[in-house]
Amino acid sequence: MISVQKSLRLHIALLGRVNAGKSSFLNLVAGQDVSIASAVAGTTTDVVEKAQELIPLGPVVWLDTAGFGDQTELGKQRLSRTLKALDKADIAVLVCEGARIETEEKQIMAEAARRNLPLIKIFNKADIFPVPEEADGISVNSTDLSSRDRVLNRFKAELIKKAPEDIMNPPTLIGDIVKDGGSVVLVIPLDDQAPKGRLLPLQVQVIRDGLDHGCSVTAVRDSEYAGLLSRLATPPDLVIIDSSVVGTIIPQTPAEIPLTTFSILFARLKGDLSKLVEGARALTELQDGDKVLIAESCTHHAAKNDIGRVKIPELIRRKTGKQLEFIHLAGCDFPDNLADFRLVIQCGGCMSNRRTILSRINRCESFGVPITNYGVCLSALQGFLPRVIAPFHHLREAKAASPHR
Ligand code: SF4
């Protein structure tokens with residue numbers, strides 16, 4: 001089986017109180033032991049991720065959360081971690097004992113609703129706890145293996161009905177800004193931050209998206225870009241550059257050639273480009289003593305000239321002339337409380353799914369804290385933001401004109 005990046009998979013959060021039978025439900029629908037199933041209460045103590053191919057939906061990741069419902073301090077911590085899993089889920093599956101909906105189940109349903117997260121209720125142990133006919137959910141006895149096909153078909157039908165549109169039909173990266181059959185040039189520096197012997201997943205994704213739209217795609221290092229442009233008989237329909245070379249590549253590119261960055265493309269695909277552009281305005285309003293959160297979605301090894309730890313803080317200090325405090329966070333954790341921060345700068349999020357980045361944007365909004373990302377920030381600091389977002393203007397105008405938006 002060809003493996004699919006985790007960030008492109010449908011993320012399904014599996015939630016339920018201790019002993020509701022989450023793990024045995026997962027085993028039933030997965031047809032194999034993909035999670036620990038045990039009669040011992042509270043076996044699953046943290047979120048366990050498990051990839052699966054769920055035909056015809058395609059690749060999914062289950063986020064198997066700790067059971068909730070015990071009133072100990074540890075139980076409360078488990079519930080809080082469980083709720084955090086909702087931040088990266090595309091859909092939630094709540095496993096209940098029969099149709100038992102108590103305080104915690106209501107809390108989960110409310111949190112899912114607050115996030116606009118679709119939720120499927122599974123009424124497990126329906127043989128022991130009778131479920132009223134009008135109850136809105138799927139009745140299951142997850143220990144009855146003979147019921148597997150019926151449950152699986154019903155469950156998949158619900159998933160397909162409720163899965164977000166952008167997961168079922170992922171948006172294009174460049175297909176709506178380059179005409180079919182157009183030509184695209186990618187400028188990829190092979191500096192000390194480039195992985196040895198391979199391209200980054202987001203660069204590969206752009207190539208694939210271009211090919212899907214019948215485009216010819218040419219990749220070139222920044223050092224060979226000027227030579228390539230001079231040899232082309234007709235100018236490219238789009239140039240896509242790495243954010244780290246905007247300062248050198250943009251001056252070499254005639255104004256009539258549309259140009260953007262990989263980061264901008266992914267800010268649009270994984271987040272909300274207009275909000276990240278809006279957030280970049282805060283760069284001009286920073287004051288001495290302000291705290292800036294730099295949030296990275298993975299714990300990669302930081303290179304000498306790391307973009308988040310070195311380049312961006314240095315550039316912001318130089319451009320603003322302010323004494324700022326930069327706080328770096330790497331990995332899945334994102335602060336619950338953002339009130340202390342004046343600005344959040346999110347990394348490109350290549351390892352995260354769209355829902356994770358949108359959750360971070362929403363949390364910043366709820367605290368009134370502007371958020372931008374590396375690519376938008378770098379372009380803004382160097383004065384190139386209007387140029388790199390220009391290829392998307394006609395889409396914004398089309399959306400604004402649409403009576404169905
Ligand atoms: S963009 Fe973010 S998730 Fe991707 S490698 Fe950099 S820090 Fe990690």
**Q** Between D209 (side chain only) and I174 (backbone N and O only), is there a donor and an acceptor less than 3.5 Å apart?
**A** yes
**Q** Side chain to side chain contact (heavy atoms under 4.5 Å, CB included), that's the test. Do V140 and F155 meet it? Break it down for me.
**A** CA-CA 10 Å; V140 175; F155 179 60; over 6 Å; no
**Q** Indicate yes or no: at least one non-hydrogen side-chain atom of L173 is less than 4.5 angstrom from one of Q205.
**A**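 Yes, side chains in contact.
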**Q** Between R317 and K322, is there a donor-acceptor pair closer than 3.5 Å when you use the side chain of the first and the backbone of the second?
**A** no
**Q** Within the 4.5 Å heavy-atom criterion, are L276 and D272 side-chain neighbours or not?
**A**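 No; the side chains remain at least 4.5 Å from each other.
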**Q** What's the shortest heavy-atom distance between A92 and L86, and which atoms?
**A** CB-CD2, 4.1 Å
**Q** Can you tell me if K270 uses its side chain to pair, donor with acceptor, with the backbone of C350 under 3.5 Å?
**A**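 Side chain of K270 to backbone of C350: a pair is present.
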**Q** Keeping R342 on the side-chain end and V292 on the backbone end, is there a donor-acceptor pair under 3.5 Å?
**A** no
**Q** Closer than 4.0 angstrom, basic N to acidic O: yes or no for D64 and K22?
**A**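 Looking at D64 and K22, the cut-off is met.
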**Q** Does the pair E105 and K121 meet the rule for a salt bridge (charged side-chain N to carboxylate O under 4.0 Å, His left out), with working shown?
**A** CA-CA 10 Å; E105 281 86 357; K121 289 196 274 303; over 6 Å; no
**Q** Testing R363, R114, R355, R354 for salt bridge (charged side-chain N to carboxylate O under 4.0 Å, His left out) with D87, which one passes?
**A**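 Among the candidates, only R363 passes.
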**Q** For a side-chain contact (heavy atoms from CB on, under 4.5 Å) with V187, tell me which candidate from V246, D242, D222 qualifies.
**A**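 Among V246, D242, D222, the one that satisfies the side-chain contact (heavy atoms from CB on, under 4.5 Å) with V187 is D222.
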**Q** Apply salt bridge (charged side-chain N to carboxylate O under 4.0 Å, His left out) to residues E49 and R9 and explain how you reach the verdict.
**A** CA-CA 12 Å; E49 297 193 3; R9 292 170 176 264; over 6 Å; no
**Q** Under the salt bridge (charged side-chain N to carboxylate O under 4.0 Å, His left out) criterion, do K179 and D237 qualify, and how do the steps go?
**A** CA-CA 8 Å; K179 62 180 188 292; D237 296 298; 3.0 Å; yes
**Q** Going by heavy atoms in the side chains, are L10 and L54 under 4.5 Å from each other?
**A** no
**Q** Please walk me through it: do I101 and K106 pass side chain to side chain contact (heavy atoms under 4.5 Å, CB included)?
**A** CA-CA 7 Å; I101 306 279; K106 284 182 186 157; 3.8 Å; yes
**Q** Do L259 and R387 have side chains that approach each other closer than 4.5 Å (heavy atoms only, starting at C-beta)?
**A**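 In contact.
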**Q** Any idea which heavy atoms bring C298 and A330 closest together, and the distance?
**A** O-CB, 3.5 Å
**Q** Quick one: does any side-chain atom of H328 pair with a main-chain N or O of G308 as donor and acceptor, under 3.5 Å?
**A**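 At least one qualifying donor-acceptor pair exists.
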**Q** Check whether any side-chain heavy atom of D306 sits under 4.5 Å from a side-chain heavy atom of E296, and report yes or no.
**A**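 Counting from C-beta outward, D306 and E296 do come under 4.5 Å.
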**Q** K311 vs E314, test: salt bridge (charged side-chain N to carboxylate O under 4.0 Å, His left out). Steps then yes/no.
**A** CA-CA 5 Å; K311 274 190 190 165; E314 271 182 14; over 6 Å; no
**Q** Mind checking whether F25 and V151 have side chains closer than 4.5 Å, heavy atoms only?
**A** yes
**Q** Within the structure provided, determine whether I207 and L199 are in side-chain contact (heavy-atom separation under 4.5 Å).
**A**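 Yes, close enough: below the 4.5 Å cut-off.
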**Q** Would a 4.5 Å heavy-atom cut-off, applied to side chains only, mark I307 and C347 as touching?
**A**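 Answer no - side chains too far apart.
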**Q** Do the charged groups of K161 and E158 touch, with an N to O distance under 4.0 Å?
**A** yes
